[in-house]
Amino acid sequence: MTDEKKAEIQQLYSTGHTKEEICKITGIKPETLKKSIQLGKVILSRYETGEKEEALTKSTRSVLDDNQLMGKACINVLDRVLSSKTGVPSPVEFKGQIDLHQAGVLLSLPALLANGLLKYEDDFYPDTGYYSLSSVFISLAYLALLRIKTLAQSSSIPSGELGKAMGLDRIPEVKTLRERIALFCQKADIEHWGRKLSKDWLESHPALSGILYIDGHVNIYYGQKTNMPKRYVSRLRLCMSGSTDYWVNDSLGQPFFVVNKAVNSSMIEVIKRDIIPRLDRDIPDQPSNEELEAEPKLHRFMLVFDRECYSPDFFHDLWEERIAICTYNKNVKDKWPDEEFTSYTEMDQTGKKQQMELAERGVLLQNKGSNKKIWAREIRKKLPSGHQTSILTTNFMLSTILIGIYMFARWSQENFFKYVMENFGIDTLVSYMREKISDTTLLINPEYRDMENQQRKLVSKLNIRKAKFATMLLGQDPIEKNKMEEFLRKKADLNTEITSLESEINQIKQKKKQTPRKILFSQLPENQKFDNVINQRKLFLDTVKIIAYRAETSMASIIKPSMSHPDEARKLLQQVYKTDANIHPDYQRKILTVELHRMNYWKDDKIVDELCRQLNETQTKFPGTDLTVFYKLVSS
């Protein structure tokens, strides 16, 4: 046994850890530790620092927090005065705490730091104030994990309790958080910060970054401060004012980045103009030009989306850049014979066994009137009911079953939208501040759109009249003269109406030819101009929430193998975050011990104990201190 290992054992034992816990942390077998103690190679003794500071109970903290003149829980009076005079942030200093409310959220710290919460904090300096930059970032991440969806809701939790879990007297109040976020957005380029984080995430998950999922999510605007354009909201089946976020996720549902558009744009345009250039730069391990030339079927990466992006011309343009696609087919009316289908079995990314009945054919795709053609694979999945779902892909490297698995994994992105809306409030406004839209932005000409709508209504009306005219036939039986005259009059009137409708439609078509389909934003009439309610402050908070979601996902991946129902991993983590804990700092040994209160069930205790063990292996230091965080369950 090395001297370093002996020192580590002595350090752990002196801070109150049992021998069983030491074996788990160090990876030493209990028999080896017992034998080393008997031979005198390891001497265990409790380290006494003299008179220990008594840990504060919840009742004591409640009274102290309430009796502060500067404000609720503003105990560090001297530090606050010094910060107001010098601008130097207060140092992080932990004290012993018993039954600290919702201190279980401290278990998320290693995952938050691993996902880059403070990696680029230098971009936001210089910064002044009582709360350091790292304290503000950690506060926002903790609030997100505790399901505080808006800044205003942070006043609903005990500010002193959560602050003491961060080595402060209290967390920043709502006004302070808003001021600091506004200051961050002035000092730093938030979009650039998000781009650096997404590039890091792509590079850290090369196996997942080769297949990306793209879908739009409408942020509904209920206010009346500006006239946001209307768009169709599929989840409500209504046209409502708002903007559209285009999310890029992996097959597990983890987000990489988001592109917001206040002006109505097709997803195809957004992918071409905003998403692909970014992926070209950031996706790691792409094949070289020599490898692409040597293998004509090889692609650089694959995009998965729904029918909104169905366009053979678009598929052709992407393949010219050696980008594969995978999407659902449109207007499928035929059925393939049952004999073509074969049963496939494969493990998906989550480790679940997937079984599907699939068939495959080659298909030549071409838009009407276009000279662009592209060969694709059409794969169909047959359900027990007999229904067949058609998939199109230009990925010629993956097997049939893997194409099916990746296509139907698109639901992970839909689940992501639902989850972050319900738990993180990703579609809520952060401030009432609005941003101006660039005058050079292209958008649909409202006059042209009105003519299109009018033409669509007239064509629908014309088709109904033509169908009625075609069914107006005389029977074989003789008809009276007056009825014959009435029949001919009705048919003549209908024919006149058809001619009139056709004339109106032709007039609209002529006007459309003389009217530009798209105009610059500056060419809009003043009464139709609008501002973007999605500002830099919302983008900043959304990025923090993405980090929090990814941190929770990484923690869920740790505990899922130990759970009989892995789909309940996030539910258990939410309980962990809101569980009370004891905090014992040891500045002599540079250890911050977090003792989490036990769960409701023994099985959950075992899972959380394993989570603590793996988190301890990261040897995470709490930001702003030299204390290594050590997690454990409260000993019996």
Side-chain angles (χ1 to χ4, degrees), residues 216 218 227-234 237-244 261-273 306-317 327 329-333 364-374 437-473 488-530:
V218 177
N227 297 318
M228 292 286 288
K230 292 184 179 295
R231 58 202 73 208
Y232 182 69
V233 186
S234 58
R237 298 184 180 180
L238 293 171
C239 279
M240 303 188 71
S241 298
S243 63
T244 303
K261 292 294 177 183
V263 175
N264 285 330
S265 303
S266 70
M267 191 187 295
I268 291 177
E269 291 180 2
V270 175
I271 292 175
K272 283 184 173 181
R273 186 174 60 250
D306 60 13
R307 293 181 182 88
E308 184 179 350
C309 292
Y310 178 89
S311 170
D313 284 355
F314 178 50
F315 303 161
H316 178 275
D317 294 341
T327 186
N329 199 359
K330 291 181 71 174
N331 303 321
V332 179
K333 297 179 180 178
L364 181 64
L365 302 176
Q366 184 179 16
N367 276 335
K368 187 177 180 181
S370 173
N371 59 357
K372 295 180 179 179
K373 301 178 182 179
I374 183 169
I437 295 175
S438 172
D439 287 340
T440 59
T441 302
L442 278 175
L443 73 164
I444 300 295
N445 188 346
E447 185 180 352
Y448 186 92
R449 183 176 59 241
D450 292 341
M451 287 190 289
E452 268 196 336
N453 292 335
Q454 188 179 358
Q455 179 184 341
R456 197 177 296 113
K457 291 178 181 178
L458 291 174
V459 169
S460 177
K461 194 173 181 181
L462 175 62
N463 291 335
I464 294 173
R465 298 297 184 273
K466 284 184 175 181
K468 186 176 180 181
F469 185 85
T471 57
M472 291 182 68
L473 301 173
L488 294 175
R489 180 182 57 78
K490 287 183 178 179
K491 196 159 188 177
D493 291 344
L494 194 57
N495 186 53
T496 303
E497 188 176 359
I498 289 173
T499 305
S500 176
L501 288 171
E502 289 177 339
S503 176
E504 286 186 60
I505 292 171
N506 288 330
Q507 290 178 13
I508 293 174
K509 287 181 178 179
Q510 292 300 321
K511 288 182 181 179
K512 284 174 63 179
K513 290 181 180 179
Q514 301 171 4
T515 305
R517 184 174 180 271
K518 289 191 174 184
I519 60 173
L520 296 176
F521 186 81
S522 59
Q523 296 174 308
L524 270 180
E526 288 298 325
N527 62 345
Q528 295 187 20
K529 289 186 177 181
F530 55 91

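Predicted model only: the values in this text are computed from it and were never measured.
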* To do: Report the distance from atom SG of C309 to atom CE of M267, rounding to the nearest 0.5 Å.
  => 4.5 Å
* To do: Would you indicate whether the side-chain heavy atoms of E497 and D493 approach each other to under 4.5 Å?
  => no
* To do: Give a yes or no answer on whether the side chain of N495 reaches the backbone of K491 with a donor-acceptor pair at less than 3.5 Å.
  => no
* **Check ion pair K512-E447 (N to O, under 4.0 angstrom)** => no
* Structure fact -> NE2 of H316 to OG of S311, rounded to nearest 0.5 Å, is 11.5 Å
* Asked: Taking only residues two or more places apart in sequence, or in another chain, which ones meet N331 in a side chain to side chain donor-acceptor pair (under 3.5 Å)?
  -> none
* Asked: Given side chains that start at C-beta, do those of N329 and Y310 come closer than 4.5 Å, heavy atoms only?
  -> yes
* Would you call F315 and T327 a side-chain contact if the rule is heavy atoms closer than 4.5 Å? -> yes
* Asked: Does the side chain of V218 come within less than 4.5 Å of S243's, by heavy atoms?
  -> no
* To do: State whether the number of non-hydrogen atoms from other residues, nucleotides or ligands found under 6.0 Å of R237 atom CZ is greater than 12.
  => no
* Answer yes or no: is there a side-chain heavy-atom contact under 4.5 Å between E269 and K261? => no
* What's the spacing between M451 CE and K511 NZ if we round to 0.5 Å? -> 7.5 Å
* Polar contact flag, side-chain donor to acceptor under 3.5 angstrom, T244-R231 -> yes
* Do the side chain of S500 and the main chain of T496 share a donor and acceptor less than 3.5 angstrom apart? -> no
* Side-chain (K372) to main-chain (N367) donor-acceptor, under 3.5 angstrom -> no
* Asked: Is the shortest heavy-atom distance from the side chain of K518 to the side chain of Y448 under 4.5 Å?
  -> no
* Asked: Heavy-atom distance under 4.5 Å between the side chains of K461 and L501, does that happen here?
  -> yes
* At what distance, to the nearest 0.5 angstrom, does CG of L524 lie from CG of N445? -> 8.0 Å
